[in-house]
Amino acid sequence: MEDIKKRKLDNNERISPHSEQDLRALLDPLAKSQLVDLLAKLGSQYSSIAEEIKGIATADPVHRKLLVRGLAWNTSSDTLCAAFSEYGEIEEGAVIYDKVSGKSRGYGFITYKYMESTHSALRAPSKLIDGRMVVCNLACEGLTGSSSTQDLTLRKLYIGGLSPNVTSEMLLHCLGRHGDIEEGSVAYDKDTNESRGFGFVTFKTVDAARKAIDDPQKSLGGRNVIVKLADSHKGRTIQTQLATPMIPMPLPLVPGYAQPGKAHPSTTPQGFGYPPAVGPYHNNTYSSPPIAPYPTQSQIPYPYYIGKQ
């Protein structure tokens, strides 16, 4: 019975006294938030409008494609797709490999069939795959993702002095007691796949990163490890550039001229008269100096030589 009423209501809604141009004129000045609220309300009431909204939103794959970064070198495309298949049907997924060496570049892409699956995956952006904590975000956002780059230098830590037998799971488990981890892993050599003795961990909050740095018990795998900001490990110091103060220096000036910023005691500088006195100009006519007569020099004949060729 309700379906019949809704179908009749839909039929009545199709016959509108307002033209499309009139409705566009009404919707044009509305803000984006108002339009979203209006469409969400109409979509919840009428299934046809909801399907129309879903079709338009899903048509563009940019809203369904995820970038997954921080993958291990041995993670395959099948493993990547299996890890993200729990959120919905995957239309396409692959790990990106280097064309020359044929080795993984450490990231990949997942494209879901429906936009709802993408939103479900973004609710838990961090995921443990092959012993590494990876992070996903919309591919259109790039490598930085939606995380704030302003405080990223305060959340990303460098962990040095690791034992060769320390895995990424051990590292994440050890530092996870300080707070939620966004991403992190041990650094491995691409060729040998052996630990390089250090790793990186990015916390979700700055407070968790500070707790990890201030923790006096920095030991893992039977070794004392180094925990510090990854940005400071690169040798870069964050300093606020202050403008160099300008110190006024008195310059020795010729007596009689007023110094900048000081009022002269008199309107006329001392030692000089203004306007300066100019001597009288005598309008005398000067005759050209007499030209001394120079004797003309007779021409000296030279013998004519013909050059030999």
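Computed from a predicted structure; not experimentally measured. We number each residue from 1, following the sequence as shown.
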Checklist entry - Does any N or O in the side chain of Tyr114 come within less than 3.5 Å of the main-chain N or O of Lys54, such that one atom is a donor and the other an acceptor? => result no
Checklist outcome for this item: Here the pair of heavy atoms bringing Ala121 nearest to Leu66 is CB-CD1, 3.7 Å
Checklist entry - At their closest point, which heavy atom of Leu172 faces which heavy atom of Gly184, and how far apart are they? => result CD2-O, 3.7 Å
Item to check | Ser104 versus Ala72, closest heavy-atom pair with distance | outcome: OG-O, 4.1 Å
Next on the checklist: How long is the straight-line distance from CD1 of Ile53 back to CG of Leu42, given to the nearest 0.5 Å?
Outcome noted: 7.5 Å
Checklist entry - Of the non-hydrogen atoms in Cys136 and Leu122, which two are nearest, and what is the gap between them? => result O-CD2, 4.2 Å
Checklist entry - Should the pair Phe200 and Phe198 be assigned to parallel (<30°), tilted (30 to 60°) or perpendicular (>60°) ring geometry? => result perpendicular
Checklist outcome for this item: What one should report as the nearest heavy-atom pair of Gly70 and Arg132 is O-NE, 3.5 Å
Item to check | Atom of Ser117, atom of Tyr112 and distance for their closest heavy-atom approach | outcome: CB-CD2, 3.4 Å
Item to check | Any side-chain heavy-atom pair of Leu67 and Leu138 under 4.5 Å | outcome: no
Item to check | Glu52 atom CD, neighbour heavy-atom count above 12 within 6.0 Å | outcome: no
Item to check | side chain to side chain donor-acceptor pair (under 3.5 Å) involving Asp180 - partner list, sequence neighbours excluded | outcome: none
Checklist entry - Is Ser168 reaching over with its side chain to a backbone N or O of Gly131, donor-acceptor style, under 3.5 angstrom? => result yes
Checklist entry - How long is the span from the CD atom in Glu169 to the OG atom in Ser185, to the nearest 0.5 Å? => result 10.0 Å
Checklist outcome for this item: Only one of Leu229, Val206, Asp231 passes side-chain contact (heavy atoms from CB on, under 4.5 Å) with Thr153, and that residue is Asp231
Item to check | Heavy-atom neighbours of Glu92 CD exceed 12 at 6.0 Å | outcome: no
Item to check | Same apolar cluster (I L V M F W Y, side chains within < 4.5 Å links), Tyr87/Met115 | outcome: no
Checklist entry - Can you name the residues that form a salt bridge (Lys or Arg N to Asp or Glu O under 4.0 Å) with Lys218, not counting sequence neighbours? => result none
Checklist entry - Could you walk me through whether Arg69 and Asn137 pass the side-chain contact (heavy atoms from CB on, under 4.5 Å) check? => result CA-CA 9 Å; Arg69 63 184 190 274; Asn137 56 266; 2.5 Å; yes
Checklist entry - Counting only N and O atoms by type, is there a donor-acceptor contact under 3.5 Å from the side chain of Arg196 to the main-chain atoms of Asp189? => result no
Checklist entry - Which residues pass the side-chain contact (heavy atoms from CB on, under 4.5 Å) test with Asn193, sequence neighbours left out? => result Trp73, Tyr188
Item to check | Donor-acceptor contact below 3.5 Å, side chain Thr111 vs main chain Arg64 | outcome: no
Checklist entry - Do Tyr97 and Leu80 belong together in a cluster built from hydrophobic side chains that touch within less than 4.5 Å? => result yes
Item to check | Heavy atoms from other residues, nucleotides or ligands near CZ of Arg177 exceed 12 (cutoff 6.0 Å) | outcome: yes
Next on the checklist: Do Leu38 and Leu27 make a side-chain contact, defined as non-hydrogen atoms from C-beta onward lying under 4.5 Å apart?
Outcome noted: yes
Checklist entry - With respect to Thr79, which candidate in Asn74, Ile129, Val95 satisfies the side-chain contact (heavy atoms from CB on, under 4.5 Å) definition? => result Ile129
Checklist entry - To the nearest 0.5 Å, what is the distance between CG (Leu171) and CG (Leu220)? => result 6.5 Å
Next on the checklist: I'd like to know if the side chain of Ser163 pairs up with that of Asn165 as donor and acceptor (distance under 3.5 Å, no hydrogens or angles considered).
Outcome noted: yes
Next on the checklist: With clusters defined by side-chain heavy atoms of hydrophobic residues (ILVMFWY) lying less than 4.5 Å apart, directly or transitively, does Leu30 cluster with Ile49?
Outcome noted: yes
Item to check | Backbone N/O of Phe203 and side chain of Arg155: donor-acceptor pair under 3.5 Å | outcome: yes
Next on the checklist: Take a 6.0 Å sphere around NZ of Lys127 and say whether it holds more than 12 heavy atoms from other residues, nucleotides or ligands.
Outcome noted: yes
Checklist outcome for this item: dist Ile181:CD1 -> His173:NE2 (nearest 0.5 Å) comes out at 10.5 Å
Checklist entry - So do the side chains of Val135 and Glu182 get within less than 4.5 Å of each other, counting heavy atoms only? => result yes
Next on the checklist: As an exercise, state the distance from OG1 of Thr167 to CG of Leu162, rounded to the nearest 0.5 Å.
Outcome noted: 10.0 Å
Checklist entry - Side chains of Asp215 and Val227: closer than 4.5 Å at any heavy-atom pair? => result no
Checklist entry - Counting heavy atoms not belonging to Phe109, are there more than 12 under 6.0 Å from its CZ? => result yes
Item to check | Point-to-point distance, once rounded to the nearest 0.5 Å, from CD of Glu183 to CE of Met133 | outcome: 10.0 Å
